[in-house]
There are 2 protein chains.
Amino acid sequence: MNPSIRDVAKKANVSISTVSRVFNNPESVNQEMRERVLKVIEELGYAPNPFASGLRDNRSKVIVAMIPDIENPYFAEMLSGIEEVALSNRYTVMICNDIQNEERFLHYVKTFVKMKVDGVIFASTVITEFYRKNFEALRVPVVLASTEGREWNLPSVRVDDYQASFDATTFLIQNGHEAIGFLSGPEQAPIAGRERYEGFVAAMKAHDLPVSAQHVVFSEEMSFDAGFAAMAKLYAKMPHLTAVYAASDAMAIGAMQFLHQQGLEVPRHVSVMGFDNLELSRMVSPGLTTVAQQITKIGKTAAELLFQAIENREEERDEALESVRMEHEIIVRGSVRNRRLLEE
Amino acid sequence: MNPSIRDVAKKANVSISTVSRVFNNPESVNQEMRERVLKVIEELGYAPNPFASGLRDNRSKVIVAMIPDIENPYFAEMLSGIEEVALSNRYTVMICNDIQNEERFLHYVKTFVKMKVDGVIFASTVITEFYRKNFEALRVPVVLASTEGREWNLPSVRVDDYQASFDATTFLIQNGHEAIGFLSGPEQAPIAGRERYEGFVAAMKAHDLPVSAQHVVFSEEMSFDAGFAAMAKLYAKMPHLTAVYAASDAMAIGAMQFLHQQGLEVPRHVSVMGFDNLELSRMVSPGLTTVAQQITKIGKTAAELLFQAIENREEERDEALESVRMEHEIIVRGSVRNRRLLEE
DNA sequence: TTGTATGCGTTATCAG
DNA sequence: CTGATAACGCATACAA
C-alpha cells in the first residue's frame, strides 16, 4: 500500500493538516517544520492520492485532445505539442480519437464527464450543433485547434488559411504557371474548404488569370484516395493544366500518383503543390512543395491557451481568451517547375 | 452538481447500498426494486463518481498503451485496435508516448502509479532492466505487443518475424533475384533486428545463395532517413544488386529515394521490398511490395489478453497468460520485378 | 433481500 | 502558525 498523508504526519510528528499545507501552500508553514515534513515525504515516497483529491475538489488534472484521426500524422504531430505543454503543467492528456463518429464521440464524452476532465482541445473538425451541445455538457473550457468557432465565441489557434492559400497559388503563378487547377476540400468546411478555396480564387484574380468552376474539384475527404479521384476529374476538365494545387498533402500525393499512372512526370509535365508539410511530403519523389503549418506549435499554443482558461476559471475570473493566428511558410521541394526558366 | 448515489436512493425510496448493488451486483436485488432504482437512475442521469470508486477500491478503469512514437502510423494503427477493445470493456486508454525517452517515461510512470492504472500494453521496444523495474513499480499486468519478454515471463502478441523475413526473402528469390541486399534494424534489437536478419540469412542459405556481411547494412534507426543512408552504404558494397529487402517500410522508402536519386528505376533496375505494410507503402510510386502485419489485430489481441490478466488478478487467480503469434502476409505491389519473366 | 455504518485520503474550515 | 474535524461519494461488512 502506498503511504498516506497520515503516515507522513505520524512519522514527522505533525498533524495531517500540516502535511497537506506543505504540499498546497508551503509558505504558510514554519520553515523548520516544513523541512522536517519534506524529509519524511521524501523518505516515504509519499504522493497525494489523486482519487482523494479529485473526490474532494472535483478536478482530475486531465485534459482531453479531441481529434479526427490519430493515424493521420498531422494530428499525431499536434498531439506532441499538446502533450509537451501538459506535461510541464503536471497534467495528463487523454486522447479522444475518431471524433467524426458520433456514437463513439458520445461514449467518450460520457466518460469524460464522469472523469471530470479539466479542459478540451478540439481539432480540425467543423463545429456543429452536436459538438457544441457536448462541450456544454462537459462544462469545461474548450480551445479549438485548426478550426473555427467564432460563432460560439470559442478561442482558436490556427493559421490564416485564406492567406496561406493565396500565397501558395501566388507561388505557382510566380513560377510561370497560368493553367492552375485546385483540388479543394469539402465546400461546406469553413477552413480547409472555403477559406483555402477563396484564397486560391483571389490569387488567380489578383493576377488576372481566368478562374472558374472548371478549375476546381471539391472532395468530401482530403485523403490520398480522394486526391487521386479528384485529380482524375480535374484532368478530364483541364487536360492542358500545368500545375495543380491541393488543399492537403495527402491529396497532392494522391494526385501525383494519378499523374504518374497517366505517364505524366512531376514536375516536368505537371507541377504539384500541397498543403500541410507532412513528414510524408519529403518522402515522395520528387519532394512535395507545400505550405507548412507549424503543427507542433499549434498544439503547444492551444494547450497554453487552455491552461490559461482553466486557471481563469479556478480563480473565478471570466476573461474571454483571444484567438491566435500562427505563421505559415512555403516549403520548396522538387514538385514545382519554374516555367520562366529554360523552357524545355 | 451531478446527482450522487444518495440522490438516487432518496428519490427511489431505498438505501444507498441498494443503489450500489443495482450497479455492481444487479442479481442480488429484488426485481421490482431494481426496476424502480434503474428508472430513477435514468431520470437523474446518475453515474457513479469514479473518484469515489477509485478511492474506495484502488482501481481506475484505465489502461495505458506505452509506445515509442505516436507519429509513426504503425503505432497509431495499433492504438486503434487497443482502443476498440478497451472501449467495449468500459475502460479508458491513456497513451504514454516516446517511451524511449527515459526521463519522460519515468515521469509518466509516476503519474500512472498515482492514478492506479489497471494494466499496461507495452509496444515494440526492447525490454531492458530499466523498463522491467518500472513495470514492477506499477504492480499491474503487462502485455507486450510486437516485442518479446520471454526472459521475464511476460506475455506477448507478435508475428513470427523470423518466418516473415524468411518468406519475404524467398519471395524475392522466387522472382529470380540472387544478388539481394538487406537493410537491417539494430543488430541488438531481438525482433526487428536479429530475428529478421536471421530469417533473411536462412532464406538465402536455403536457396544456396551466397550471403555475407557484404549483403547487409545494420542501422540504429529504422526510419526513412536511416533507410536512405543505409541504402547508400549497401550500394557502395553491392553495386550489382538486383533487389533490396528492408526491415521496415520507412527504410524501404528511404532506399527507394536514394535509388531514384542515383537515376536507378524501381523496379526496372532494382527491386525493393519492405516490412510492415504501412498506409504509406501504397502511396509511393511504384507501390511497395511488403510484409503485412495485422497491426490493428495485434492491438486488439494484446488488449484482450490484458483484460484477461486483469480479471484473473481481480479474482485472485494466478494463471500465466499464453503469448500469441499473429499471421503475416506478403502484399504484392509494383516494387518487385519478376526477373524470370521477359528479361528486358 | 435490504439497510446501517464505516473507511478510503484529501483539503478546507474553524478554533486554538 | 498549527491541529482537530467534517465532507467529498462510494462499496462493503455486518446486522436485521
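Here is the naming used below: chain letters follow the sequence lines, and residue numbers restart at 1 for every chain. Everything numeric in this text was worked out from a predicted model, so none of it was measured.
Nucleotide dT2(D) holds its C1' atom 14 Å from the CZ atom of Arg34(A), rounded to whole Å. Following rounding to the nearest Å, Gln31(B) (CD) and dT2(C) (C1') show an atom-to-atom distance of 17 Å. We find that CD1 of Ile41(B) is positioned 13 Å from C1' of dC10(D), with the value rounded to whole Å. The CG-P distance, from Leu44(A) to dG9(C), rounds to 13 Å in whole Å. As a whole-Å value, the separation of Lys116(A) NZ from dC10(D) C1' is 13 Å. Rounded to an integer number of Å, the gap from Asn13(B) CG to dT1(C) P is 20 Å. Here the C1' atom of nucleotide dC8(C) and the CG atom of Asn58(B) are 8 Å apart, to the nearest Å.
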>> Each nucleotide in nucleotides 10-16 of chain C should get exactly one letter: B, S or -. Can you fill that in based on protein heavy atoms under 4.0 Å?
In response: BBS----

> Going through the checks in order, is the ring-ring contact (aromatic ring centres under 6.0 Å, His included) test met by Phe23(A) and Tyr46(A)?
Replying inline: CA-CA 11 Å; Phe23(A) 252 85; Tyr46(A) 166 76; 5.6 Å; yes

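When each of Val37(A), Val8(A), Val14(A) is paired with Val22(A), the side-chain contact (heavy atoms from CB on, under 4.5 Å) condition holds for Val37(A) and for no other.
The side chain of Thr18(A) contributes no N or O atom lying less than 4.0 Å from OP1 or OP2 of dT2(D).
Between the side chains of Tyr74(A) and Ser146(A), a donor-acceptor pair is found at a separation under 3.5 Å. Using modelled atom types, one finds no donor on one side chain facing an acceptor on the other under 3.5 Å when comparing Tyr131(A) with Glu102(A).
With DNA chain C read from its 5' end, the first of the two nearest nucleotides for Leu55(B) and Asn30(B) is the one closest to Asn30(B).
Sorted by first and then second residue, the salt bridge (charged side-chain N to carboxylate O under 4.0 Å, His left out) pairs with a member in residues 13-36 of chain A form an empty list; sequence neighbours excluded.
The minimum heavy-atom distance between Ile82(B) and Gly299(B), with the atom names listed, is CG1-O, 3.5 Å.
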